[in-house]
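Have a look at the structure below before the remarks.
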Amino acid sequence: MWLRLEARAAPSRAMRYLPPLVAAALTIVAGFAVSLALGRDPLAAFYAFFVQPVSSLNGVAELLLKASPLMLIATGLAIGYRANVWNIGAEGQLILGAIFGGGLALHLPGVDSRWLLAAMVLAGALGGMLWAAIPALLRSRFNTNEILVSLMLVYVASLLLSYLVQEPWRDPQGFNFPQSKMFADAALYPILLDSTRLNAGFLVALAVVACGWLFVAKSFLGYQMRVAGLAGAAARYAGFSARRSVWIGMLAGGAAAGIAGVGEVAGPIGQLTPSISPGYGFAAIIVAFVGRLNPVGIFFASLLMSLLYLGGEAAQMELRLPSAITGLFQGMLLFFLLGSDVLIHYRVRLLRRAAA
Amino acid sequence: MHVAADPAPPRLALSGIRKIYPAVVANDGIDLAVRPGEIHAVLGENGAGKSTLMKIIYGVVKPDAGEIRWDGRQIEIAHPRAARSLGIGMVFQHFSLFETLTVVENVALALDRERDLAALSRRIEEVSARYGLPLDPRRLVHSLSVGERQRVEILRCLLQQPRLLIMDEPTSVLTPQAVQKLFDTLRQIAAEGCSILYISHKLDEIQALCHAATVLRAGKVTGNCDPRQESASSLARMMIGKDLPVCEHPQAKQGGEARLVLAGLSQRSEDPFGTDLRDIHLSVHAGEIVGIAGVSGNGQQELLGALSGEVPLANAAPVQLLGVEAGRLDAGLRRSLGLGFVPEERLGRGAVPEMTLAENALLTAHRSMGLVRGGLVRPERLRAFARDAIEKFTVKSSGTEAEAKSLSGGNLQKFIVGRELLQSPRVLVVSQPTWGVDVGAAAFIRQALVELRNAGAAILVISEELDELFEICDRIAVLAKGRLSPAVRARNTSVAEIGMWMSGLWPGAGNGAPEGTSHVA
Amino acid sequence: MTELLVPIVVATLAAGTPLVFAALGELVTEKSGVLNLGVEGMMLVGAIAAFAATVASGNTWVGVIAGMLAGAAMSLVFAALALTLQANQVAAGLALSLFGLGLSAFAGKPLESIALQAPLVFRIPLLSDVPLLGPMLFSHQPLVYLSWLLVALVSWFLYRSRAGLVLRAVGESPVSANAIGYPVIAIRYLATLFGGAMAGIGGAFLSIVYTPMWVEGMTAGRGWIALALVVFATWRPGRVLAGAYLFGGVTIAQFFAQGAGVAVASQLLSSLPYLATIVVLVLISRHPNIIRLNAPVSLGKPYHPDA
């Protein structure tokens, strides 16, 4: 092998923050390559994908709207990931949050108080935590792999929602569509910017990100969970409870995802439908990594990821490319990030063949 | 056997071997020659570059510069397979065995052509009988004792009819009696014409076994000699540049209260390949150091887990800490009673490798030093405490923000010991206090333990190094097969007696050997 | 009774076959100490590659080979990240699954409305004429027989061949294996590629034999179930086969239940495979020693020869 990795004596601090930028740049380069391969003008594609979506106030509002669930969920997940608690079922926890919050809205149609929305957010957090508690319980009691359990529960949650909107909660006046009634105004987030869809859910997301930052950067509990993630034996040696790490890590992700679920149904959607998320729960995993598991980084990463969603929609309209291209770029972004992470701990050296 | 003036070229001759790692020059112009049939010592303290040199000879590591000659012919050893085909065998310090495989499978993996396991089993039995290394080829390696595992490693080499055998710190896992048996085997192998490179930092062993010695210090050769002609202190001066430091160890004050009491501690191992603890009795008093000797794998891990609270017990009574029945408390709660603990693994247990020294100070000192308030960490106090530990224990580092893994073994160990000692523990449990630590740091740590004892703390030291235990302990007990011998006063026993006990043979050993008060005297 | 038994068994085996391939491949990968969580992504990409190749060539076997190669190519990306560049294996595996989902959805858009003809079953001469057993066991798609052959081959490889011994050794202690001179990274690359190729065939079976058409995300979690199966089977090939058919049975239970007019919400029946996965995972991991004694010791732990 001529390309050789050489361990750095001390990991490079500057390099720690470089990989997300390198990854974003490489993703754009890959985007050029893909557009060329598909016979599109790469500059036009770049414009359609990254510039046009945010060239209007409405576009910026959409950017923040879509970034909200991403930053919310990623902040919650990052707390767990730092402790090596791999909750990858946020998509399911989001659905449960929507079911709990939306169910409340559907069952209290007459209530016209702002407290209804607060109660829905709380119920959503509870629903997400409930769903996340299953893998947490099984991991801490039976040592069951939380990755697989939380992922399986995504499918179950999705089927549960599908059942609810097809049977008990279906809108009788909905022309047999599998969807609930529209929520009353009191059950919807107020709009922040007139004539856009950006709503107060964005503020909730910002608040959660701020709390997340306080937790991971300043709190002793956050420190304990990082120790648990970096060196389990050291956490045990220090007397930090491993079970508590699992529970907190799981529930943080579940609560955040649940709140994000309420944000969707009490925001742009306004009712329960069989599909309430274009994969935010999975995209947030990428956001968490690209943001270096740090809420500040996650904020910026969520904007980038949101742009990929908008870009995908624009690409469909402007370039007649399937909007599934978003998923392709999301995956690539994470690949490039993981690949360039190597720069933190290793120096890449080109080796000339040493003369013997 | 050994011929002083051999006309034949050396079996192995190294000249100008150099190997640089990003942080350190591991080997700097090493010259070394080993004659056929010679037992040649490579002497040096931890970090002197011995292991790197051996890995170069075995083809695991490539040198950056230098020349290797084999029987006078210049060669390049690109790969362990190439080394083996020359006839070089290596017995690793940290064994390169596979626990879930059988003995014969392990041996087959190191033989490049072996396919027929049944035939190989028969050969293993033959050769093991010839060299006095009894071994059942069908057994799984995880069921073997440490000494038996070493036999697997040695047999694996012998089956290849080696012409040079490298032994890397082979005696650290053996009882003194087993060391004598190993030496007999090695002398037999050498008498048959095989050269042996014997890596060690134990001066008495090298004097007893080896015909020649090359001494390394900080990656350079600092001496070539016949160790039989040298004194321990002249060897030590070559090895560390000065005399071996001796620990000041005044006699313990007696009559302190019992602070750590083990009253019939029995515990199943969490590890399916571990050793269960059986009915352990011991008390450690204020103002004394009690040592626990024994070959690792005899229950040390389990005992430490039960003492530290990392593995809480089902019952409270068997572990009593300062009068409190503490068996069910976790490590944090025991620490707040006044327990300090230094584990043997520095990286990953005693410290988090990727965290800074300040963050690592928080690991155990958060409660006793008031480093957390209202759930939030107090960064100023934390840095002040870490700085204190760094200064008082002369930890060489770039400061409180240095990552733990950037420190040398000795400096990190001093930091961890400092972190525990600065919290003024009333009971301290230390495992392998000076494992892989340079001589200067080792002496510093031992002295710090003695001073803590003089200040009135009760200290329990678990170590494989008998010399170390005899240097600092007031009483010594032996852990063998999960049972603990009575603790005897260090000055009333001998290395030979403790060595015999290490194979489980102490008076009354058959029935659990509870500690009588008469031993405390 | 028997007229129901035959179709149930046939459908169970067909539903279990993609899992047999994917889980068996992952088993070999994990035996080398590498945890590749990207099975779902590799299956999806295998499925779309196989489907596209079959549509283009009209030949099922061309499709199977395309699926296999596509799965292997995906695993190569994982190997480059996790083995050469030392990325966290969990993160790299997740990335592979997410990327596979995106790539297959993107590539599959133009093919969504095409339906293929399922290839003919292959009746093994003589054996398929045995009453009851013949139609149950010896009248299947060729890939079903191939999966059986594969189980036998992998068993033999792991426990009877020298190469298998080396693979297990690498999975237990890469440090020791390196010390006695085995090329740990190269061996792990091969094991990972095998896992990818098998996942690709599993995906191909879904899209060109089982369904046979392309639907976005059509694996519906089978890649993850395959991962669970490896644990459930405690890393033994024979048990993978049994486990896969157990899941095959659960998967088809809903069709037969609905056919029999059982009055349960279809969603509940559809969620049975996922719930069953959770249940078996709990049952097997309840005893920590079962996992500890069977799991490859170095599974998922990063290894770099210079570190």
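Protein chains get the first letters and strands the later ones, always in sequence-line order, with residue 1 at the start of each. Atoms considered below: every heavy atom in the structure, side chains included; atoms not considered: hydrogens, waters and symmetry mates.
Heavy-atom pairs under 4.5 Å with chain C peak, among Gly331(A), Pro322(A), Ser340(A), at Pro322(A). Most heavy-atom pairs under 4.5 Å with chain A, from the set Leu268(C), Val282(C), Ile284(C), Leu283(C): that is Val282(C). When the candidates Ile291(C), Leu281(C), Leu103(C), Leu101(C) are compared by the number of heavy-atom contacts under 4.5 Å with chain A, Leu281(C) comes out ahead. Per-residue heavy-atom pair counts under 4.5 Å with chain C were compared for Trp86(A), Phe329(A), Phe289(A), and the maximum is reached by Trp86(A).
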Verify side-chain contact (heavy atoms from CB on, under 4.5 Å) between Asn145(A) and Val231(C), making sure each step is shown before the conclusion.
CA-CA 10 Å; Asn145(A) 183 310; Val231(C) 181; 6.0 Å; no

For Phe282(A) and Leu94(C), what are the C-alpha separation, side-chain angles and deciding distance, and is it a side-chain contact (heavy atoms from CB on, under 4.5 Å)?
CA-CA 9 Å; Phe282(A) 294 113; Leu94(C) 284 177; over 6 Å; no

Audit row: Asn88(C), Asp341(A), side-chain contact (heavy atoms from CB on, under 4.5 Å) steps and yes/no:
CA-CA 10 Å; Asn88(C) 178 320; Asp341(A) 262 354; over 6 Å; no

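Taken from CG in Leu81(C) to CG in Leu334(A), the straight-line distance is 8.5 Å, to the nearest 0.5 Å. In this structure, Leu164(A) CG and Gln267(C) CD are separated by 8.5 Å, a value rounded to the nearest 0.5 Å. Atom CZ of Arg286(C) is separated from atom OG1 of Thr144(A) by 9.5 Å, given to the nearest 0.5 angstrom.
Between Leu338(A) and Ala95(C), the closest heavy-atom pair is CD1-CB, 4.0 Å. The heavy-atom pair separating Val156(A) from Ser271(C) by the smallest distance is CG2-CB, 4.2 Å. Nearest heavy-atom pair across Met152(A) and Gly221(C) is CE-O, 4.1 Å. Here the closest heavy-atom approach between residue Phe335(A) and residue Ala92(C) is recorded as CE2-O, 4.4 Å.
Side-chain contact between Ile88(A) and Trp224(C) is present, with heavy atoms from C-beta onward closer than 4.5 Å. In this structure, the side chains of Leu148(A) and Thr277(C) stay at 4.5 Å or more apart for every pair of heavy atoms. Under the 4.5 Å side-chain criterion, counting only non-hydrogen atoms from C-beta, Leu153(A) is in contact with Ile278(C).
Residue Leu160(A) does not touch chain C at all, counting heavy-atom pairs closer than 4.5 Å. The contact between Gln166(A) and chain C is made entirely by side chain atoms (from C-beta outward), counting heavy-atom distances below 4.5 Å. In this structure, chain C has a heavy atom under 4.5 Å from the side chain of Leu38(A), while its backbone stays farther away. For Glu112(C), no part lies near chain A; criterion is any non-hydrogen pair under 4.5 Å.
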